Structure formats: C-alpha cells, structure tokens
Amino acid sequence: MKTDLPTAIDVLPEDSASEFMLHSRAIGRPANPLVSCLLPAFNEEGNILPMLDTLHTLMNDLGLRHELIVVDDGSQDATVERVMSVMDVLPVSLIQLSRNFGKEIALTAAIGEAQGDLAVLIDCDFQHPPELIPAFIEQWRRGYDMVFAVRSDRNDESFLKRIFTHAFYGLLNFGERNKIPENTQDFRILDRVLLDALNIMPERNRFMKGLYNWVGFTRLGIKVRTDPRRHGKSSFNFFSLLRLAATGLTAFSNVPLRLWTVVGGIISFASIAYAVFVVIETLLYGNDATGWPTLVVAITFLGGVQLLSIGILGEYIGRIFTEVKQRPAYFVSRIVRSRQLPTKPSNKQ
Ligand code: UDP
Ligand code: MG
C-alpha cells in the first residue's frame, strides 16, 4: 500500500506485540476490507463536508470499500442539513441523536452502527490529520487490532491543563496492571473484534479511552502531530473535562476509595498514640486544661477529611445509580442511510 506521509510518525515500541501474535492476527484479515469511518459531530457545519469529502477521496485512492458514519450529537447549526445534501453522492449514514449526549456517547452510537471489518475514528475538525490513515491501516494489516494516535506534544495546551492531565493519568493508573497510556487520542483504528467487544460493554458512564484499553487485543500507538481546529471552536471547557476525568476515574480506578482507608488508618493510629501520650502526661504532670488549639485543629481536620471522603463516595454512588437505572445510553431520533453505501458485507475469513 502506498503511504505518502507529509509528517513524521514514530511508532511506540513499548506497545508492540510479538511477531507470532501479530502474524496470527494478520492471517485472518480480509484482503478487501470494508472500512467504516466514524465521525462524531457537534456543531460542525464548517467542517463536516470537507471532512467527508477528504475521507471519501482518501478511501477511493486506497481502493478501499467504505462507509462514512456521521453521528449528529444534537447540533444546533446546519450540520445535519450539510450531511443530508451529500446523501446522493457519498456513502453516508447519518445517525441523529435526540439531544447532545457528549462525544463519548456519540462514539458509542457510531461504533454500534459500524458494519466494517475495521473502523476509523476521527474528529470532524481536521485536528486529526486524515492523511495518516493509510499508515494506520498498514499496521492493521500487520496484525494490530487497534492502532491509535499519541500526541507528539501538548504544546498547544496550557501549562495548567498539562499538569491536570498528568495528575489524572497518574491517579488513574496507580497500581493498575493494564495502564491507560497518557496522551492518546480518539483518532484510532479498531478491528471488528474490538467493535464487537465495545458493543457488548453495557456501562452508561462511558470513558472510551478506558474501554478501548480494558478490552485488550493487540495494539500500537503512533506518535502524530495535532493540527489546529479548522472551523468553529472546541466544545470542551475546563468543567466538561473535569466531568470526563471524574467519569474516567470512577469507572476505572478504586484508588480514590482506597485512599481514604489508608488516610483513615493513619489518622486513627496517630490519634490512639496521641491519646496514650495524653493519659501518660496527665498521670505524670496532672491536667491544667491546656490543648484547646489542638482540639480545634483535630476536629476541623477530621471534619474536612470526612466531608471529602463522603464526597468521593458520592461520586461513585451517583454513577452506580446511573447504572442501576438501566436507561439506554442515548436515543436516536432518526437514521438516514445513503443509497451509495456498500451493499455486500465483505467475506470475512
Ligand atoms: N463532539 C461531539 N459531541 C460533543 C462535543 C464534541 O460529538 O458534545 C465531537 C466534535 O464535533 C468533534 C469531536 O467530538 O468532531 C471533538 O470535539 P472538539 O474538537 O470540540 O474537542 P477537542 O478537540 O477540543 O478535544
Ligand atoms: Mg477538536
């Protein structure tokens, strides 16, 4: 396959699987795969058509049968109208969600719709360079079930955001066997086995980067640059990222819960030691009612620790509540499929 790469890519060696493992996966790959391109779109009227066009041209150049799946995540602008305008010429499926559910759910809906032997997940705003897709597919042919982009740097982000991200991944992966790599992006390729696995993961609180990682299979990270957004502005602000971080932590880590057992243990031990000290001191020197500041500090400190730990319990319980309600993760208001969609599923081996 021809790969004209305008940008240097750097394969991360720590993720590579053994040659035997790769070979065993590669021999099952269909020679003429159907590729599903999955695009979550929220207010992307400026980007969606150029992106669909770019992907269609790219896939045609590569001689790959493909479908373009756009999940409209409750856009308030002309995104849907734009997609409808190319229904007759491009192999597009439009899944319109009943409201804005957020990117993780939009991706979930897109994965559920994908018919392909493999899927390409890509943002609509050209921050993920589409010209890298051939290199990703090449690795898929070598036997990798998931190929994902890793940011080559985070220079476009503020210092504070970088610190928070680093702390988040540190906490998330603390003591975990299956670590979620830092700086990965939603720009990735998923083989059918991953799509099927993700489709049967029932949770409603979906932190996709955690789910991709949890399911396993052979995977490879590729360092890529991130381009600036072409049109419009990012939908994520500090608070939406904080919410996503809380979902990720509560879904994939029990460290915040366990932490309080340790803190509680240390404080209890210290207070017992202090009590013993006070008893001995009183017996030896008598009690002249000192220690008022110590009392206030002890009470306020413990009050703070208790409130904080109750708050953390609340985060988990809130999410357990969402899961037990068993609501569907999203509702679809309509699905429109183009006549240009490839009809026959490929012959899977
Ligand atoms: N997106 C979405 N639902 C949302 C927010 C974003 O489907 O609620 C889509 C958006 O259209 C884009 C991708 O997710 O294709 C990434 O969003 P954005 O560029 O706003 O995020 P950033 O690149 O800043 O992380
Ligand atoms: Mg973006």
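Each ligand, and each atom within it, is numbered from 1 in the order the structure gives. Being a predicted model, the structure only gives us computed values, none of them experimental.
Sorted by chain and number, the residues within 4.0 Å of ligand 1 by heavy atom are Pro40, Ala41, Phe42, Glu44, Asp73, Asn100, Gly102, Lys103, Ala106, Asp123, Cys124, Asp125, Gln127, Arg229, Ser234, Ser235, Phe236.
Ion pairing between Arg319 and Glu315 holds under the 4.0 Å rule for side-chain N and carboxylate O. Remark: Arg29 engages Asp145 in a salt bridge, criterion side-chain N to carboxylate O under 4.0 Å. A salt bridge does not link Arg82 with Asp77: every distance from a Lys NZ or Arg NE/NH1/NH2 to an Asp or Glu carboxylate oxygen is 4.0 Å or more. A salt bridge does not link Glu104 with Arg204: every distance from a Lys NZ or Arg NE/NH1/NH2 to an Asp or Glu carboxylate oxygen is 4.0 Å or more.
Partners of Arg334 by salt bridge (Lys or Arg N to Asp or Glu O under 4.0 Å), not counting sequence neighbours: none found.
For residues 175-205, the pairs satisfying ring pair (Phe, Tyr, Trp, His ring centres under 6.0 Å) are His128-Phe187, Phe136-Phe187, with sequence neighbours left out.
At least one cation-pi condition fails for Lys209 and Phe207: the charged atom is not both under 6.0 angstrom from the six-membered ring centre and inside a 45 degree cone around its axis.
Taking the side chain as every heavy atom from C-beta outward, Leu39 and Leu55 approach each other to under 4.5 Å.
Taking distances strictly below 2.8 Å, the protein N/O/S atoms close to the Mg ion (ligand 2) are Asp125 OD2, Gln127 OE1.
Partner of Tyr144 under the side-chain contact (heavy atoms from CB on, under 4.5 Å) criterion, out of Asp191, Ile222, Thr218: Thr218 alone.
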